[in-house]
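Input: a single structure, listed below in structure tokens.
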There are 2 protein chains.
Amino acid sequence: MDNLTYSQASSKTVGNETSFNEESMHSAAPSVKNGARKQQLKPHEVLFFEGDKADKIYEVISGVVMLYKLLPDGRRQIVYIVREGDMLGFSQRDIFDCTAEALTKTELQVYEGRDVSTSPLMQHYINRCLLSQMESLHEHTVLLGRKSAMERVATFLMGLVPNRGGVGCTGPSKEAGTDDRTVMLSMTRQEIADYLGLTIETVSRVISQMKRKGLIKVEKHDSIHILNICNICQLTGMH
Amino acid sequence: MDNLTYSQASSKTVGNETSFNEESMHSAAPSVKNGARKQQLKPHEVLFFEGDKADKIYEVISGVVMLYKLLPDGRRQIVYIVREGDMLGFSQRDIFDCTAEALTKTELQVYEGRDVSTSPLMQHYINRCLLSQMESLHEHTVLLGRKSAMERVATFLMGLVPNRGGVGCTGPSKEAGTDDRTVMLSMTRQEIADYLGLTIETVSRVISQMKRKGLIKVEKHDSIHILNICNICQLTGMH
DNA sequence: TTCATCGGTTGTTCTATATCAATGACAATC
DNA sequence: GATTGTCATTGATATAGAACAACCGATGAA
């Protein structure tokens, strides 16, 4: 009944129903006596490969990590984007089911499997994280199974806007006359394509289309200025 | 830090890396004193709707339940199929993120949220279940994002064959000269389509194609005889 | 026995997105 | 400041799967 390691979780929902974690410049998880080790990753450095032995779990202190799976012919699907406050590395079996690779410079908190499985507080925290990731995954499943290219990209952009587009979306704040925001993609077009189940060309074309319609302004490829958040939200297929 | 209810889990991996649960004609989860209630569902009876208050979790004793989400224009995506030994009903927020509907006559074990959050054993069990579901979801994400219609249907069929197609697949057992099996779909073509991100017509055509190639025999729509499991496995895109 | 219903199949046409190919815009290196 | 490499954009064309439509076969009621 017990060969217990893990394979994924998030404390804050990031992705579709975003709610960012402004304060956490250090671990949000309950501390564990021994294994309080930190680890750094450079952009595109691999933390672990699918199939590696899973004996540690990680919390993202800062930066962004992607989890992906490859098909034998090279097709790639990014299955989850792990952001500040999220966790990764859980597995039911004793091996990782995905590859984890940093998108940006990243700092991680490392927890040893043994520490985790003996700490009820940690268990409980992980549990909460898992539930949050599960909801994001469900949402992403709908995106991949049923949404058009335009809807996918719009949903992706909304996922980068904190506290908007989710269930409790309040709309634009009353005071401010504007409803704009600049979001950092921290992903290449290829990575976005592999996340959204599209090709790089389709992603590029949809972004150009949004540009032409005056919905967004692209600033050095990695940063997009959304001129009216509600307008993008209307394109997600959820309204 | 604590408004704790849940939203999903599975004790056995069902779907891609299958490993069926032959014995469990009763709950596999640790028993909880008070809330040991059972519940029956008729085919296509809804257990709960997306948005309903989430205060119970369920274990499937027998039968099959689907979890799905709807877009406002009626597009549906089935995000998970819950089978014998699996659990459902978890949520991080206090509402369900999916609708749960029985595919077949179903018997459930019902656990009250309060019982769950106070039982460490239950917590631990749920945790294991969540990890298993997470892996299935990752696998399904690859299917929806990157696989062709034929690969999707082949993967779906393999998911109905216990102990085959997974990481530790042993291939056909040495003794037996044959490598066939009859699987029950317990889903209509429409439901399969909504699970695989296809249309009903495409599902039907792919099944007909497999029939024409002599890979399968269809018996009264709901039951498919796979003549050579390895042959189907070769079509999943994972070899 | 007829009729209606429901789920499934098959044919035709259409279209969104993939694929293939060329060009552009930087940034890094020599 | 030329050269190279990487990533992105744009155009032309192909195609897998969607959409629309007709039909089929089993079931069940009148």
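Just the heavy atoms: all of them, side chains too, but no hydrogens, waters or symmetry mates, feed the values below. Each chain gets a letter, A, B and so on, in the order the sequences are listed, and its residues count up from 1.
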Whole angstroms only, please: what is the [atom1]-[atom2] distance between [X] and [N]?
X	N	atom1	atom2	value
Q209(A)	dG11(D)	CD	P	12 Å
R75(B)	dA18(D)	CZ	C1'	13 Å
L185(A)	dA8(D)	CG	P	9 Å
M187(B)	dG8(C)	CE	P	11 Å
R189(B)	dC24(D)	CZ	P	19 Å
I192(A)	dC7(D)	CD1	C1'	12 Å
L103(B)	dG7(C)	CG	P	13 Å
D222(B)	dG7(C)	CG	P	13 Å

Is the side chain of R146(B) donor-acceptor paired with the backbone N or O of R76(A) at a distance under 3.5 Å, no angle test?
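Yes.
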
Looking at M184(B), is its backbone amide N or carbonyl O close enough to the side chain of S223(B) to form a donor-acceptor pair, meaning the two atoms are under 3.5 Å apart?
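No, S223(B) side chain to M184(B) backbone: no donor-acceptor pair under 3.5 Å.
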
Given [N], is OP1 or OP2 found less than 4.0 Å from the side-chain N or O atoms of [X]?
X	N	answer
S204(A)	dT9(D)	yes
S208(A)	dT10(D)	yes
R205(A)	dT9(D)	no
T202(A)	dA18(C)	yes

Would you mind telling me which residue lines up with the more 5' stretch of DNA chain D, K220(B) or M150(B), judged by nearest nucleotide?
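Checking each residue's closest nucleotide, the 5'-ward one belongs to M150(B).
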
Report which part of the nucleic acid I207(B) touches: base, sugar-phosphate, or nothing (heavy-atom distance under 4.0 Å, all strands).
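If one applies the 4.0 Å heavy-atom cut-off, I207(B) turns out to touch nothing in the nucleic acid.
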
Between Y195(B) and F156(B), what is the ring plane arrangement, given parallel below 30°, perpendicular above 60°, and tilted in between?
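Rings of Y195(B) and F156(B): perpendicular, as their planes differ by over 60°.
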
Closest-nucleotide ordering on DNA chain C, the 5'-leading residue of H221(A) and V203(A)
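Comparing both residues, the 5'-ward one is V203(A).
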
Using only heavy-atom distances, decide whether a donor-acceptor pair under 3.5 angstrom links the side-chain of E201(A) to the base of dC20(C).
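Flag set: donor-acceptor pair detected.
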
Can R189(B) and D194(B) be counted as an ion pair, charged N to O under 4.0 angstrom?
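No, R189(B) and D194(B) are not salt-bridged.
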
Test Y68(B) against every option in E101(B), Q77(B), E50(B) by the side chain to side chain donor-acceptor pair (under 3.5 Å) rule and name the one that passes.
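That would be E101(B).
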
